[in-house]
Amino acid sequence: MNEARIVLLSGGIGGAKLALGMSRLVNNDNLTIIVNTGDDFDHLGMRICPDLDTMLYTLAGIANSEFGWGRRDETWTFMRVLQSLGGETWFRLGDGDLALHVERTRRLSAGESLSEVTDDIRRRWNIAARITPMSDQYVATRVIASDGEIGFQEYFVKERCAPVIKCLRFAGIEKARPSPDAAKALRAPGLAAIIIAPSNPYLSIDPILAVPGMTAAMRAANAPIIAVTSLIERRAVKGPTAKIMTELGAPPSPFSIVKHYAHLIDGFILDERDAAHADSLGVPVRCTDTLMVTVDDRKRVAQAALDLAADLAERRS
Ligand code: FO1
């Protein structure tokens with residue numbers, strides 16, 4: 001088991017896949033996952049934390065792999081009855097998932113921090129890796145579209161990413177600080193690598209990097225910072241990523257991602273299908289098949305990131 005001390009920055013689905021791979025490679029006492037909370041929103045009187053929940057469900061082995069969010073083996077009585085009451089059902093909440101939102105909202109209202117609640121849940125679900133929100137202060141990603149500003153979930157789920165994005169803002173970011181566990185993990189001696197997971201750089205990673213003090217703590221950690229591509233040039237990029245990047249003025253390609261992180265990263269994991277571009281990215285690159293379907297795929301991508309970090313650390317010493 002690799003004893004390297006690792007920090008992983010992650011959004012939802014793509015990041016959780018890499019986190020699972022990483023959790024199979026390193027001693028999980030040394031693995032801290034800093035999760036985006038910009039997707040969080042208050043809905044039906046509950047605080048909902050989608051990226052934290054995707055991470056919790058994935059590492060607890062109970063994620064719904066069909067949807068990419070929520071629990072597997074879910075039941076939908078709550079949704080059915082809510083529909084019959086004329087309630088809002090555009091954001092689908094399964095009965096098991098609902099228990100998490102109700103209990104977390106109760107504990108937050110009682111004064112517990114999001115970090116405390118998250119850490120207690122991951123322990124109860126026997127997750128060895130430390131999962132921590134990027135901040136305990138509420139930050140909400142807001143989408144400024146051509147016809148006005150809407151919340152992230154309204155954009156992503158209710159409007160199915162149809163609005164044209166003009167820009168994003170992270171409401172509340174000025175008052176946010178890195179969560180205690182995030183700050184502690186980045187300060188820990190002997191950090192081997194800080195890895196930026198293959199989540200959407202603009203929607204899922206930028207809120208984490210925008211937390212005042214976060215990038216300074218990352219740089220001060222003096223560990224190689226490695227980003228894993230969330231795009232494969234040759235592959236028709238599914239879902240909203242290509243549309244969102246184009247609307248934000250970044251052509252949907254690995255180049256855009258490297259350029260977006262250029263000020264921060266020491267290395268980049270590129271998909272082997274794009275290997276021909278490796279030398280023109282302007283940053284040390286390691287190529288691998290970054291498609292993550294099986295657990296072995298996830299371990300392969302995680303190992304590639306660890307290997308690149310080790311190479312770079314060796315060159316530094
Ligand atoms: N995504 C959807 O596209 N439709 C949904 O109805 C939906 C419900 C949902 C419930 C709980 C949860 O934790 C996540 C949920 N998501 C849903 C995903 C959510 O929009 C995430 O923010 C995205 O996966 C982006 O990170």
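What you see below is based on every heavy atom in this structure, not just the backbone, and it leaves out hydrogens, waters and symmetry mates. When a ligand or atom number is given, it counts from 1 through the structure's own listing order. Starting from 1, each residue takes its place in the sequence as its number. This structure is a prediction, so every number in the text was calculated from the model and none was measured.
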Any idea which protein heavy atom is nearest [atom], and the distance to it?
atom                    : value
atom 25 (C) of ligand 1 : Asp39 OD2, 3.5 Å
atom 3 (O) of ligand 1  : Val157 CG2, 3.9 Å
atom 8 (C) of ligand 1  : Arg92 O, 3.3 Å
atom 1 (N) of ligand 1  : Trp69 NE1, 3.3 Å
atom 23 (C) of ligand 1 : Phe156 CE2, 3.5 Å
atom 13 (O) of ligand 1 : Pro50 CA, 3.3 Å

Min heavy-atom dist Gly12 to ligand 1 below 4.0 Å: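 Judged by the 4.0 Å heavy-atom criterion, Gly12 does not count as contacting ligand 1.
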Sub-4.0 Å heavy-atom approach of Trp90 to ligand 1: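 Within the 4.0 Å threshold, so yes.
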Whether Asp297 side chain and Val293 backbone form a donor-acceptor pair below 3.5 Å: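 Answer holds: yes.
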Backbone of Leu20 reached by a side-chain donor or acceptor of Ser23 within 3.5 Å: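 Confirmed, Ser23 side chain pairs with Leu20 backbone.
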Ion pair check, Asp311 and Arg315, cut-off under 4.0 Å: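 Not counted as a salt bridge, because no side-chain N and carboxylate O are separated by less than 4.0 Å.
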Lys/Arg N to Asp/Glu carboxylate O, Arg123 vs Asp120, below 4.0 Å: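 No, Arg123 and Asp120 are not salt-bridged.
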Minimum side-chain heavy-atom gap Ser10-Leu18 below 4.5 Å: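 Sidechains of Leu18 and Ser10: no contact.
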Sub-4.5 Å side-chain heavy-atom contact between Phe255 and Leu281: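 Answer yes - side chains close enough.
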Under-4.0 Å heavy-atom contact with ligand 1, by part of Asp97 that carries it: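 For Asp97, the contact with ligand 1 is made by the side chain alone.
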Whether over 12 other heavy atoms sit under 6.0 Å from Glu3 CD: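 Counting other residues, nucleotides and ligands, CD of Glu3 exceeds 12 neighbours.
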Distance-only side-chain donor-acceptor flag, Thr75 / Asp95, under 3.5 Å: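 Side chains of Thr75 and Asp95: pair found under 3.5 Å.
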Asp271 side chain to Thr229 side chain, donor-acceptor N/O pair below 3.5 angstrom: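 There is no such pair between these side chains.
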Per atom 15 (C) of ligand 1, closest listed option by heavy atom (Phe67, Phe91, Tyr155):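 Ranked by closest heavy atom to atom 15 (C) of ligand 1, first place is Phe91.
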Ligand 1 atoms in contact with Asp51 (distance to a heavy atom under 4.0 Å):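 Reading through ligand 1 atom by atom, the close ones are 26 (O).
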Atoms of ligand 1 close to Gln153 [distance to a heavy atom under 4.0 angstrom, numbered from 1]: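 Listed by number with element: 19 (C), 20 (O), 22 (O).
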His101, any N or O under 3.5 Å of ligand 1 N or O: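 No, no N or O pair falls under 3.5 Å.
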